[in-house]
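All remarks here apply to the structure that follows.
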Amino acid sequence: QLQFVESGGGLVQPGGSLRLSCEPSGFTLDFYAIGWFRQAPGKEREGVSCIAASGDFTNYADSVKGRFTISRDTAKNAVYLQMNSLKAEDTAVYYCAAEQDYGLGPCFHSAPLAVGLYSSWGQGTQVTVST
């Protein structure tokens with residue numbers, strides 16, 4: 001079971017920004033697609049964004065397009081989720097997840113943000129958007 005450390009969550013006012021980080025523990029992310037997911041209280045976990053292992057292909061949920069940006073830094077062995085123009089409805093626990101990707105990984109799937117496509121999950125970081 002792969003392990004990750006997610007960080008960067010916190011309390012922010014509507015319209016503010018946060019950057020979440022996903023860093024693996026003891027392995028390299030080079031051959032893994034990474035997805036960011038979130039789960040609000042009483043709701044199902046939903047996909048937010050994914051990035052292919054190559055770093056040149058991404059997908060976003062409609063609800064975050066134009067506001068969130070996913071990126072990966074090979075040198076730092078980390079994946080980031082830059083979240084701008086945050087709204088109250090973005091409040092949730094955010095998780096990063098990984099799945100092997102040797103060319104046509106989950107981010108290329110017809111439903112790239114499906115929870116079931118990713119087999120390794122982090123513990124999550126809380127994001128709260130509130131006045």
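The analysis underlying the following values was restricted to heavy atoms, covering all of them including side chains, and did not include hydrogens, waters or symmetry mates. The first residue of the sequence shown is numbered 1, and numbering continues consecutively from there.
The CD atom of Q126 sits 9.5 Å away from atom CG of L11, with the distance rounded to the nearest 0.5 Å. Here the straight-line distance linking atom CG of D30 with atom CZ of R72 works out to 7.5 Å at 0.5 Å rounding. Summarising the geometry, atom OG belonging to S7 is positioned 11.0 Å from atom CG belonging to L18; distances are rounded to the nearest 0.5 Å. From C96, atom SG reaches atom CD of E6 across 4.0 Å, with rounding to the nearest 0.5 Å.
Between F68 and Y60, the ring centre distance reaches or exceeds 6.0 Å. Here the two rings, on F27 and F4, have centers that are under 6.0 Å apart.
In this structure, the side chain of S120 does not engage the main chain of A97 through any donor-acceptor pair within 3.5 Å. No donor-acceptor pair closer than 3.5 Å links the side chain of Q39 to the backbone N or O of V93. A donor-acceptor contact shorter than 3.5 Å is absent between the side chain of D73 and the backbone of A78. Of the possible polar contacts, none joining the Q3 side chain to the P24 backbone as a donor-acceptor pair under 3.5 Å is found. Remark: side-chain polar atoms of N59 are not paired, donor with acceptor, to backbone N or O of S49 under 3.5 angstrom. The backbone N or O of I51 lies less than 3.5 Å from no partner atom in the side chain of T58, so there is not a single donor-acceptor pair.
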**OP:** Kindly indicate, with the supporting measurements, whether the criterion side chain to side chain contact (heavy atoms under 4.5 Å, CB included) is fulfilled by Y80 and C22.
**Re:** CA-CA 6 Å; Y80 305 101; C22 174; over 6 Å; no
Original post:
Stepwise, does the side chain to side chain contact (heavy atoms under 4.5 Å, CB included) test hold for Y32 with D101?
Top reply: CA-CA 5 Å; Y32 288 89; D101 177 3; 5.8 Å; no
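Summarising the geometry of I70 relative to I34, their closest heavy-atom pair is CD1-O, 4.0 Å, with the distance given to 0.1 Å. Between C50 and Y118, the closest heavy-atom pair is CB-OH, 3.3 Å. Taking every heavy atom of both residues into account, A61 and G47 meet most closely at CB-O, 3.5 Å. A pairwise comparison of heavy atoms in T131 and P14 identifies CG2-CD, 3.7 Å as the closest pair. In terms of heavy-atom proximity, A40 sits nearest to A92 at N-CB, 3.8 Å. In terms of heavy-atom proximity, P112 sits nearest to C107 at CB-O, 3.4 Å.
Using a 4.5 Å heavy-atom cutoff, the side chains of S17 and V12 are not in contact. For the pair R38/V64, a side-chain contact is recorded, criterion being any heavy-atom separation below 4.5 Å from C-beta on. When side chains are defined from C-beta on, T69 does not count as touching M83, because their heavy atoms never get closer than 4.5 Å. Proximity of L113 to W36: side-chain heavy atoms (C-beta onward) are nowhere separated by under 4.5 Å. Between T125 and L20 there is a side-chain heavy-atom pair separated by less than 4.5 Å.
In summary, the side chains of S119 and E99 do present a donor paired with an acceptor at a separation below 3.5 Å, with no hydrogens or angles considered.
Using the six-membered ring where Trp is involved, W121 and F37 have ring planes that are tilted, between 30° and 60° apart.
Within a 6.0 Å sphere centred on CD of E44, other residues, nucleotides and ligands contribute 12 heavy atoms or fewer. In this structure, Q123 places its CD atom where only 12 or fewer heavy-atom neighbours from other residues, nucleotides or ligands lie under 6.0 Å away. Atom CD of Q82 sits in a crowded spot, with more than 12 heavy atoms from other residues, nucleotides or ligands closer than 6.0 Å.
In this structure R45 satisfies the salt bridge (Lys or Arg N to Asp or Glu O under 4.0 Å) test with no other residue, sequence neighbours excluded.
Neither V115 nor Y94 shares a network with the other; the hydrophobic side chains, linked directly or stepwise wherever heavy atoms of I, L, V, M, F, W or Y lie under 4.5 Å apart, form separate groups for each. A continuous path of ILVMFWY side-chain contacts below 4.5 Å connects V48 to V129, so both sit in one hydrophobic cluster.
Contact check on D90 versus K87 returns no salt bridge, with no Lys/Arg side-chain nitrogen under 4.0 Å from an Asp/Glu carboxylate oxygen.
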